[in-house]
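Scroll down for the structure; my scribbles are underneath it.
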There are 2 protein chains.
Amino acid sequence: MSRKRQATATDVARLAGVSQSAVSRAFTPGASIAEETRERVAEAARQLGYRPNAIARSLTTRRSRIIGVAASYLQNHFYPDVLEALSRGLQARGYQMLLFMPDAGRHADPQLQEVLAWRVDALILASTTLSSELADQCQAAGIPVLLFNRTSRGPSVSSVTGENERGGRLIAEFLVAGGHRRLGFLAGLENSSTSRDREKGFAGWLAENGHPPPLREVGLYQFEAASAAARRLLARPDRPDAIFCGNDHMATAVAEVARHEFGLRIPRDLSLVGFDDTGPARWPSFSLTSFSQPVQPMVDATVALVCEMIENPAAPTRHEVVRGELLVRGSARMPPEGCVSLGEQLVWRPVRDG
Amino acid sequence: MSRKRQATATDVARLAGVSQSAVSRAFTPGASIAEETRERVAEAARQLGYRPNAIARSLTTRRSRIIGVAASYLQNHFYPDVLEALSRGLQARGYQMLLFMPDAGRHADPQLQEVLAWRVDALILASTTLSSELADQCQAAGIPVLLFNRTSRGPSVSSVTGENERGGRLIAEFLVAGGHRRLGFLAGLENSSTSRDREKGFAGWLAENGHPPPLREVGLYQFEAASAAARRLLARPDRPDAIFCGNDHMATAVAEVARHEFGLRIPRDLSLVGFDDTGPARWPSFSLTSFSQPVQPMVDATVALVCEMIENPAAPTRHEVVRGELLVRGSARMPPEGCVSLGEQLVWRPVRDG
DNA sequence: GCTAGGGTTGCATGCGTATGCAAGAAGCCC
DNA sequence: GGGCTTCTTGCATACGCATGCAACCCTAGC
């Protein structure tokens, strides 16, 4: 037994005693059709269990109402949150989400080709690099591409990010204000713009203010790699007394290693600052001081921008930056001044002179 | 400027000097076509940047090679892991994943309708219920439906689950063997089969072995709700000295509350056991004793089963149960005997008599 | 040289829907 | 009542590809 044939618009038309066009119009908001006819069609459709075939519809309209979404690093709780918000946001605008998860490290291209075969209306790349060749290819085909939480070299691809560089600067300032002098930086993926920008802000502020560059290790945004990096960093004779971790996920790994393998107390022996403000990092056990990347605003910006790009593919590329705050919790020594309350949350807001 | 028209098979055919059918055959493995022709077509396709249009292809073949996937509760780290594995598994078999995330609690139906409009080849529902009406509708349309980590009332819908009831029994046995007598159970969602089955096993074993029923609270599988439930449970005068939490995600919430709000030490003052063996629960800070639901085997079974169902829609429904183990870590008092090493991991393997 | 047969190829059509166009219906005004 | 506008409706066609069928080519076999 092969699967039963689904009812088509023609079937419905026959039952309702109208033409197939009428059925199509009955399901097209704003189409020219008499109310009475629409009801007759609706009734017939109900009887037959008819649903318009999105595939056929897409073929004629040349708009799939599907958006390809690439995501990886789901171990970092930031991304599941993003996926969830993105799903709702796109659904609300009538888009479906074709999800693919490129193997971290390997090229996403073959899988991307499969997704492109579906003539997606747009592509959202969360946490994935794609070859610039492929980006151009999409651009040429007029497929809007949007980088989420990542930027590309050229100005060619639109993006939505947090304040990576500013966050890095504020964190440097915050730690120094807390009296720390032996700083460490735990980098994420070397080729990621987020890690680069955060480091740039962090190291940049230190350099500008006459501090030595921080010790540096690479954690690849992964728990295990970050744990290993933490071991190297904490085993040094000149062990840092404060570490800026490229994201919260790595920061929790560092906290685990510091406490359970080195017997350090946080923040007495070691101050930790993260980035993202997500997931377990907020739990009392970690109470991580972290620069926030608010998921909902970032996703809202993404959905709005992507819809705009679909409607006007010729629009210039844009780079949305969503504002964050350095949320002060308990994982890092608190500076004597500079923290202010924002609602129930303490944030770092140093008073600037001139 | 509207988006540029993508090259079609006809364009390629013209350039290659063949018919459109030939182009189609060139891209269809196993089709009858001369090697030389195929190469000529391939070259023309390359020049034009042609990719077969999956939408048109699906319309004629009547197979979309898309599988609808519903997921929710992504805060529970189990599900991101599942998504990741599922994505790879389906990709490897040439399927794309149309993801949608029903609002937790509410019915998935309206969104599901949108997904059905895409004539998905199958539907995988992870942690979501669908109305029986809709189930019938899918059944009638011959669309295979697979429940992941959940079962339905009747035997009508196939499923892949862990050993929920057996896990519950083993945990009861384990805690009692550890000397606990004041037990608590933290339920997940009341209407979820996982929570019901785990409780059934847990309470069932206790009853059969002459123990009073456990104290009971509901945590809805959510962090906040579980925290609140933990507060109620731990504030009681007859506070339990061991709690079986319906999953690891809730167990971490309980651990946080117990430690930071009640000053309890784990496992000295309170034993905790979870379910799933995922995410932060494995970290040293929690070191959660937990009954495992191994993601990869569960996903492998799911992918295999769903492919089978697609190839043979008339096949009888099946209920795959993937074996788990009670992994013994540090969050619960260890019984004097009954734990054995399995590789590097301690597991609960009581010797049964007769 | 002729035929059989296998391998290729193109033609024509169908998949299910959307939509431009023209025809028809209904109402309006003078 | 005629001419006009405003709504509805059906017809025909297009979207891009897959595929049954028939025509064709070429080689092998006799």
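Below, chains carry the letters A, B, ... as their sequence lines are ordered, and counting in each starts from 1. Every heavy atom of this structure was used, including side-chain atoms; hydrogens, water molecules and symmetry mates were not.
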query = Do the side chains of A/Thr302 and A/Val82 get nearer than 4.5 Å, heavy atoms only?
reply = no

ask   = How close or far is atom C1' of C/dT13 from atom CG of B/Leu59, stated in whole angstroms?
value = 13 Å

message = Can you list, in residue-number order, the parts of residues 31-47 of chain B that come under 4.0 Å of DNA chain D, counting heavy atoms only?
response = none

query = Taking atom P of D/dA14 as reference, at what distance in whole Å does atom CG of B/Asp11 sit?
reply = 16 Å

request  = Using five pairs at either end of the helix from C/dG1-D/dC30 to C/dC30-D/dG1, determine the angle between the two local helix axes and round it to 10 degrees.
outcome  = 40°

query = Are the side chains of B/Tyr221 and B/Phe78 in touch, meaning some heavy atoms are under 4.5 Å apart?
reply = no

message = Tell me if a side-chain donor or acceptor on B/Asp121 pairs with a main-chain N or O of B/Ile67 at a distance below 3.5 Å.
response = no

request  = Quick one: list whatever passes side-chain contact (heavy atoms from CB on, under 4.5 Å) with A/Arg38, sequence neighbours left out.
outcome  = A/Ala26, A/Ile33, A/Glu35

task = Encode nucleotides 17-26 of chain D as B, S and - characters from 5' to 3', where the letter depends on protein heavy atoms closer than 4.0 Å: B to the base, S only to sugar-phosphate, - to neither.
result = BBBBB-----

N or O in side chain of B/Arg62 less than 4.0 angstrom from C/dG16 OP1/OP2 = yes

query = Atom CD1 of B/Ile55 to atom P of C/dG14: distance rounded to whole Å?
reply = 23 Å

ask   = Can you tell me if B/Glu308 and B/Asn312 form a side-chain donor-acceptor pair at under 3.5 Å?
value = no

inquiry  = Check whether A/Ser58 reaches the backbone of A/Ala54 with its side chain - one donor and one acceptor, N or O, closer than 3.5 Å.
reply    = yes

message = Using 0.5 Å steps for rounding, measure from the CG atom of B/Leu86 to the CZ atom of B/Phe148.
response = 7.0 Å

request  = Evaluate the side-chain contact (heavy atoms from CB on, under 4.5 Å) criterion for residues B/Arg119 and B/Arg63: first the C-alpha distance (whole Å), next the side-chain angles of each, then the deciding distance (0.1 Å), finally the verdict.
outcome  = CA-CA 8 Å; B/Arg119 302 301 191 257; B/Arg63 304 185 91 237; over 6 Å; no

A/Phe100: partners by ring-ring contact (aromatic ring centres under 6.0 Å, His included), with sequence neighbours left out = none

request  = Could you go through the side-chain contact (heavy atoms from CB on, under 4.5 Å) check for A/Tyr95 and A/Val303 one step at a time?
outcome  = CA-CA 10 Å; A/Tyr95 287 97; A/Val303 172; over 6 Å; no

key: Separation of C/dT17 P from A/Arg65 CZ (nearest whole Å)   = 18 Å

message = Test of understanding: with side-chain contact (heavy atoms from CB on, under 4.5 Å), list the residues that count as partners of A/Glu36, not counting sequence neighbours.
response = A/Arg40

